[in-house]
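Single-structure report; data block below.
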Amino acid sequence: MSIAMVGTRGVPARYGGFETAVEEIGRRLADAGHRVVVYCRTVPGVTETRPRRHLGMELVHLPAARKRSLETLSHTALSVAHLVAHRTDAAFVFNAANAPLLPVLRAARIPVATHVDGLEWRRAKWGGAGRRYYRAAESLAVRWSDALVADAQGIADYYRDAFDAPTTLLTYGAPVIEPGSDKLAELGLERGGYHLVVARFEPENHVDLIVDGYTRSDAAKPLVVVGSAPYADEYTRRVHALADDRVRFLGGVWDQDLLDQLYAHCATYLHGHSVGGTNPSLLRAIGAGAAVTAFDVSFNREVIADAGRFFRTPEDVAREIAAVEADPVGTRRAGRRSRELALRYDWDAVAAGYEELAATLAARRFPRRRPSGRRRPTEADLPPTRPSTTLPDNVVQLPTPAGPSHWEHMPAAQQ
């Protein structure tokens, strides 16, 4: 088969979960003998040679508008135009935000499956117009896709409840890793001697809640916070204001080996993500054998099941951190269980699922009549509940990053 992968920044994967998925799935499809075409986003000012192939995949490099709100859709529009002129047997479009372009593919009779991602419209970074756009795009994806891909059961349930739309459940893979510990000494850390957060600083990732809860605890081990955000100065100030001298902010970590060592040797990994599907950072943590304390939503419970602890409030965080430090034997047992659960998330099995779906699309073995896209109320429509936090008066303005380019090359876990 000839298969196109559209709607991401492309490969080599240096950016986020979508790009990692495209690389891991695409390389396996290419190894199986399929022609895989990946559409890649060019970055202005980058002078390095753009590869024409990567791990057996053909790469098509196209530009994008350099405005945050238009970048994804503009690049996908150019990609779709190119794809219509250079047809493939099937196409995978990543991100429901690209749904307005699906009629072009349908008119060209190119079968398409849309990977719908998480509940993007619930992110606080989008204003009213952005939220309305993402909600409308979900409806369009349901109506105009030949198939939908969900990466978590919770996302599949949402599309069933909201649109009565079937989905194909294809998760991500969890790399099972056993890194060394030599780089911890560079940071003054010891194995099992710290708690860890790895997240982009956004309200839905609850970094502020975790830091607040930690400072309310009597934890003897420091809290190491990896990540930042190029656009969220106010939220970053909130997080820093809630910290005490036991909290260590490392900022963005570009060294994947160091990041893996931080995952593998923490006392517990605190995961606050709440609106996405299966999260790459959480998968990497369990693949490294980290004991996980996660924000209590279905996506996270689906991944860590009986291996995890869960929280909703700062008080919950304080209680669970105290329990971790009081029971090191049980915590190590939870870490071993995490690694066992990681084996369920296998890239070979995921790629096989995409191959089967591509064959279904190419043979046009899908229902001709699609759901209407009309939305029904669901629990996701209820406003999110977040504990309030009071900031001290002496909040200091932090410097604003020069631009987003430094962020775009960070490991996927911090996006």
Side-chain angles (χ1 to χ4, degrees), residues 1-13 17-41 50-62 75-96 98-99 101-117 141-151 156 165-173 278 345-370:
M1 291 179 291
S2 178
I3 303 166
M5 307 185 97
V6 183
T8 74
R9 294 184 180 94
V11 296
F18 272 158
E19 288 72 28
T20 299
V22 168
E23 181 165 286
E24 296 292 347
I25 296 162
R27 68 192 296 181
R28 287 167 170 80
L29 293 177
D31 288 344
H34 303 294
R35 174 177 175 249
V36 179
V37 182
V38 178
Y39 286 87
C40 306
R41 196 178 306 173
R50 296 167 186 158
R52 298 175 61 87
R53 301 186 69 85
H54 176 66
L55 299 176
M57 297 172 278
E58 298 178 24
L59 310 187
V60 177
H61 299 272
L62 295 170
H75 176 259
T76 302
L78 293 176
S79 302
V80 167
H82 184 278
L83 177 56
V84 169
H86 302 80
R87 299 173 56 86
T88 58
D89 298 320
F92 292 112
V93 172
F94 291 79
N95 195 340
N98 292 311
L101 298 164
L102 294 175
V104 180
L105 295 176
R106 289 183 65 86
R109 293 186 57 78
I110 299 174
V112 58
T114 303
H115 187 309
V116 291
D117 199 19
V142 168
R143 183 174 181 179
W144 289 336
S145 302
D146 296 308
L148 298 175
V149 176
D151 64 23
T167 56
T168 301
L169 179 61
L170 296 169
T171 63
Y172 293 157
T278 303
Y345 296 88
D346 178 72
W347 279 120
D348 290 340
V350 173
Y354 273 87
E355 183 178 33
E356 181 179 351
L357 180 56
T360 299
L361 292 171
R364 300 185 178 278
R365 295 194 303 268
F366 47 78
R368 297 295 182 184
R369 184 179 181 86
R370 292 294 301 160

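Below, each value reflects all heavy atoms present in this structure, side chains not excepted, and no hydrogens, waters or symmetry copies.
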For residues [X] and [Y], determine if any side-chain heavy atom of one lies less than 4.5 Å from a side-chain heavy atom of the other.
{"X": "Val11", "Y": "Leu55", "answer": "no"}
{"X": "Asp117", "Y": "Phe18", "answer": "yes"}
{"X": "Val36", "Y": "Met5", "answer": "yes"}
{"X": "Tyr39", "Y": "Leu83", "answer": "yes"}

State, to 0.1 Å, how close [X] and [Y] come at their nearest heavy-atom pair, and which atoms those are.
{"X": "Pro111", "Y": "Phe366", "answer": "CB-CE2, 4.1 Å"}
{"X": "Leu148", "Y": "Ala141", "answer": "CD2-O, 3.6 Å"}
{"X": "Val142", "Y": "Ala165", "answer": "CG1-CB, 3.8 Å"}
{"X": "Ala4", "Y": "Thr88", "answer": "CB-OG1, 3.6 Å"}
{"X": "Asp146", "Y": "Arg106", "answer": "OD1-NH1, 2.8 Å"}
{"X": "Val6", "Y": "Ser79", "answer": "CG1-CB, 3.8 Å"}

Derivation of the side chain to side chain contact (heavy atoms under 4.5 Å, CB included) call for Asp89 and Ile3:
CA-CA 6 Å; Asp89 298 320; Ile3 303 166; 6.0 Å; no
Using side chain to side chain donor-acceptor pair (under 3.5 Å) as the criterion, list what pairs up with [X], not counting sequence neighbours.
{"X": "Thr76", "value": "Asn98"}
{"X": "Arg28", "value": "Glu24, Asp348"}
{"X": "Ser2", "value": "Arg35"}
{"X": "Asp151", "value": "none"}

With side chain to side chain contact (heavy atoms under 4.5 Å, CB included) as the test, would you mind laying out the steps for Phe92 and Thr8 before giving the verdict?
CA-CA 10 Å; Phe92 292 112; Thr8 74; over 6 Å; no
List, one per line, each side-chain donor-acceptor pair under 3.5 Å for residues 355-365, sequence neighbours excluded.
from, atom 1, to, atom 2, distance (Å)
Glu355, OE2, His34, NE2, 2.6
Thr360, OG1, Glu356, O, 3.1
Arg364, NH2, Arg109, O, 2.5

Look at atom CZ of Arg370 and say whether more than 12 heavy atoms of other residues, nucleotides or ligands are closer to it than 6.0 Å.
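Above 12, so yes.
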Considering residues at least two apart in sequence or located in another chain, which fulfil the side-chain contact (heavy atoms from CB on, under 4.5 Å) criterion with Ala156?
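Ala156 satisfies side-chain contact (heavy atoms from CB on, under 4.5 Å) with Ala150, Gln153, Thr167 once adjacent residues are dropped.
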Under the side chain to side chain contact (heavy atoms under 4.5 Å, CB included) rule, what do Val149 and Tyr354 come out as? Steps first, then yes or no, please.
CA-CA 9 Å; Val149 176; Tyr354 273 87; 3.6 Å; yes
Gap between atom [atom2] of [Y] and atom [atom1] of [X] - 0.5 Å precision:
{"X": "His115", "Y": "Ser145", "atom1": "NE2", "atom2": "OG", "answer": "12.5 Å"}
{"X": "His75", "Y": "Arg9", "atom1": "NE2", "atom2": "CZ", "answer": "11.0 Å"}
{"X": "Ile25", "Y": "Phe94", "atom1": "CD1", "atom2": "CZ", "answer": "5.5 Å"}

